[in-house]
Number of protein chains: 4
Amino acid sequence: MKVPGFKKGDDEHGEGPRVFGLKLPNLGDVDGVFGLKLPGLTKEPPMEGPALGPAAEAGYTEKQERVLQAAMAVFADRGFSAASTSEIAKEAGVAAGTVFRFYRTKKDLLLGVVTPVFRRFVAPQFVAAVRGLLEDDYEDLAAFLRVLLSDRMQFVRRHRLAVRIALQETPLHPELRQLWQELVVDELEPLALETVVRLQAQGLVRPVPPGVAARTVLSVLAGFLVYRFFVLPEADWNDQAEIEALIDVLVGGLGA
Amino acid sequence: MKVPGFKKGDDEHGEGPRVFGLKLPNLGDVDGVFGLKLPGLTKEPPMEGPALGPAAEAGYTEKQERVLQAAMAVFADRGFSAASTSEIAKEAGVAAGTVFRFYRTKKDLLLGVVTPVFRRFVAPQFVAAVRGLLEDDYEDLAAFLRVLLSDRMQFVRRHRLAVRIALQETPLHPELRQLWQELVVDELEPLALETVVRLQAQGLVRPVPPGVAARTVLSVLAGFLVYRFFVLPEADWNDQAEIEALIDVLVGGLGA
Amino acid sequence: MKVPGFKKGDDEHGEGPRVFGLKLPNLGDVDGVFGLKLPGLTKEPPMEGPALGPAAEAGYTEKQERVLQAAMAVFADRGFSAASTSEIAKEAGVAAGTVFRFYRTKKDLLLGVVTPVFRRFVAPQFVAAVRGLLEDDYEDLAAFLRVLLSDRMQFVRRHRLAVRIALQETPLHPELRQLWQELVVDELEPLALETVVRLQAQGLVRPVPPGVAARTVLSVLAGFLVYRFFVLPEADWNDQAEIEALIDVLVGGLGA
Amino acid sequence: MKVPGFKKGDDEHGEGPRVFGLKLPNLGDVDGVFGLKLPGLTKEPPMEGPALGPAAEAGYTEKQERVLQAAMAVFADRGFSAASTSEIAKEAGVAAGTVFRFYRTKKDLLLGVVTPVFRRFVAPQFVAAVRGLLEDDYEDLAAFLRVLLSDRMQFVRRHRLAVRIALQETPLHPELRQLWQELVVDELEPLALETVVRLQAQGLVRPVPPGVAARTVLSVLAGFLVYRFFVLPEADWNDQAEIEALIDVLVGGLGA
DNA sequence: CATGAATGAGCTTTCATTCAT
DNA sequence: CATGAATGAAAGCTCATTCAT
């Protein structure tokens, strides 16, 4: 079985730092994010496309937008509890009190950072992908997974900070868990199971329990994205190759 | 292809709450941990085996042991930054000042909670598993993965709080990242790659880049464990069946 | 000695809540003002006559009038220091900044609320009462006291909020004490003493030191009014009877 | 009728500042308390007897005692809302945080200042006075009133600050109104009415409604004390003479 | 050793006041 | 004139850490 997109020798141990076969850049010494201390970069790689924060939504003033971006940066960096609103204010270039004009409490600010991103991009985009599935009648499982993985990768890439904050803070805030409850359990899950069933009907997925199939895809996808963007964001990833490798594994394990 | 251990109908939608095909318990209403709000249990399921904290190590006084256990509970519950040393002291049944006899600062306490667990149980047990691989000459990939998954599952089950704290706090503390650097990058990774190469030489794993194989297994394993113990710890998991399903997927994708 | 105006049995303990022999209304459960927690009314009894605030004075715009009324309500309710100018603005239906067009500081607003009421109604009306005394030649002390008490009762009834604010805030603001200095010490007191002397000359008051007589009347009057309007405003007062009872006491103690 | 204790000419207009016939001291320029701006004293006159604050109660540490005294001084001076806990701390000579070891919130501190004083000295001492009435069989009304007025005067003199705070803050705090509810309505009032009835049975008070009699005495007493200690505390009061004058008035109005 | 009272820096939040629109 | 966004000083309160007992 071939792994498309992998150049020959990609994974051989050569010179330079490597982790699990990934070549790492050699530029300086920074703390990664989730990640390991790497002889790495001083900056996170630039986001692809415009940095559409939650404030891109109409109705946010430019100042509120700045507060949101600053809050995202500081919450991601220090964690919610250790972040200080005054640092956020300073980072946003506004007075300390101004933050509270937009968000009555610090916790409101957290929710204001996280909620819009997920509300607008999690369920809706999954719905769009599945609608594509219905209309385009993907010829095989790999094609469907390819769309799914690319789309979610795009999402994490663009909303890296918000995703990171969500990962960090969810265990600590019932309000965030409530958000996932609504988004994942109430909206996403029925759709996901229905999709698996459809794929099984089309003969694209073998007859495992739909829940197992769904969770397996989710685990593999999430595992990759966390690793890709938070554990080793600085590494020399060949994203296409990685995605194809994952698809290979999933198709091998789940395909009919 | 069969999925061993799954009872027929396990995944069909019956009565009672379900998430991704998992039946959830129906006992009350509690917040999970990482997890979604479930019509769930009032208590986390009891740990299997004795609750061996880091303090089980020789040389810890009974008081220090109590401090460590309390710190684990409070750090896991509130997060490091929002946890107060005085609450830890109260939980441990010691005076506020006593905590600082054992650990000079709050951060030392965090490291004291996390470090020993991982130092003693991550690399050493992986080494043991691999040594088993060498000695026992696993007849197939599934057998190896079965040992690996079961062992790591055991680990997370027994050290749930420490693992949870590590997941929550790693992004926020360079000291913890340094710990992973030493454990994972320096100790575990060479061993892992070497193991993949050996399995490929035995004809048990097909010739994908060893790094890809290693990271895929890791992702699937981690994704499952996080889901199993932190996202939906209260659900009615059939662990053996889940493990076998994952092995199926991995063998399908990676096996020769 | 009879107590005119008291109906027989007025003070006997019957059904319903009573305090010091006063029947209290039985409508619900509210906090009084100064007062005790009564099984009382949800609203203060309506003011008699039009609610003439200080702004009834010529030259106040309708907006300034609204600000004054709102300030009175909020200052009375929360106290000056705990009152926020933005709440006053909201209550008045104007923007936060508008308040400061009329009154440069919050304290100016306090003075603007209290001063006009007292400047216009304390000394002038006392002067009018005394002028009445001179012209009408009250035949007895009771008649004079009756006019005095009724008039002051009317005043407190109509300017309840301003009086309440004055009582609450005087101890805390030198500026208000200065106001009393001017009104009471400089204007009222000479007039009061002169009046006592005149009444003594007419044989209506016995020859106690004029200051003692004046302060006694003042104390009894103030004590009644505070009790009547601020401690137990909800009680079922028979004002005429109360006034006659007080006059009885005062005449008994001070009359010739 | 003579007014015992009044020296001849006491109330004549002579040199020096006078208010309602009271000679005022001539020492400097201070703000009074409630009172009018007087050419007055730089300090409140020293309390008679030991300054028994609420902290005289067993179980208060010396530091807590200092905090209470400081809180009393600052609350009385600025009012609760405008008082800052850090000023109280400084005044007490402790660190800012120490205040909150004793009283979890600023409001607790207010209650801690006011409650003990009134709980211990209002109802109990009135009970004692009435018990005296029963045992000693006062020969006339004046003797009873003399004991009552002297005792309450003593109380206000010794607990001037606490009384002042209670007067200032009661309208603003439901918790304080609750305190009066318990002390005055529930405990004191039945006793007071019963006492009036007894005095009427003894032929010492004429048959007015007991509630009227009780409230009249209360009003006159409170009016005097407020005037004496808060409006014009600096004036040259002849307390015995004032009390006798008030007794004269009350006996004249209420006596049989 | 263990205690817990004491510290004081630092936090989030409020709000009187200003000023560009 | 009126607005209300913005300010920033100051508030109440928390808590890691120290140290006399």
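Just so it is clear: chains get the letters A, B, ... in the order the sequence lines come, proteins before strands, and each one is counted from 1. Computed over heavy atoms, backbone and side chain alike; hydrogens, waters and symmetry mates excluded.
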Taken to the nearest whole Å, OH/A:Y60 to P/F:dA5 is 16 Å
Writing each nucleotide of DNA chain F 5' to 3' as (, ), [, ], | or . by Watson-Crick or G-U pairing under 3.5 Å yields .||||||||||||||||||||
| Crowded around B:K107 NZ? As in, over 12 foreign heavy atoms under 6.0 Å? | yes
Between CZ of B:R66 and C1' of E:dC1 the distance, given in whole Å, is 14 Å
With B for base contact, S for sugar-phosphate-only contact and - for none (protein heavy atoms under 4.0 Å), nucleotides 12-21 of chain E reads SBB-BBB---
B:Y103 near the nucleic acid: base, sugar-phosphate alone, or nothing, with a heavy-atom cut-off under 4.0 Å?
-> nothing
What is the ring orientation for D:H173 with D:F80, classed by angle as parallel under 30°, tilted 30 to 60°, or perpendicular over 60°?
perpendicular
- Any donor-acceptor pair under 3.5 Å from D:Q168 side chain to C:P171 backbone: no
Open item on the list: Surrounding CZ of A:R119 (heavy atoms of other residues, nucleotides or ligands, distance under 6.0 Å), is the total greater than 12?
Closed with: yes
Rounded to whole Å, the CZ-C1' distance (C:F102 to F:dT3) equals 12 Å
B:R78 CZ to F:dT14 C1', in whole Å, measures 13 Å
Separation of F:dC13 atom P from D:I88 atom CD1, nearest Å, is 11 Å
In whole angstroms, the gap separating P of F:dG12 from CG of D:D108 amounts to 14 Å
Q.
Considering every strand and a 4.0 Å limit on heavy-atom distances, what is the contact class for D:V94: base, sugar-phosphate, or nothing?
A. sugar-phosphate
*Are the side chain of C:K63 and the backbone N or O of C:F102 linked by a donor-acceptor pair below 3.5 Å?*
no
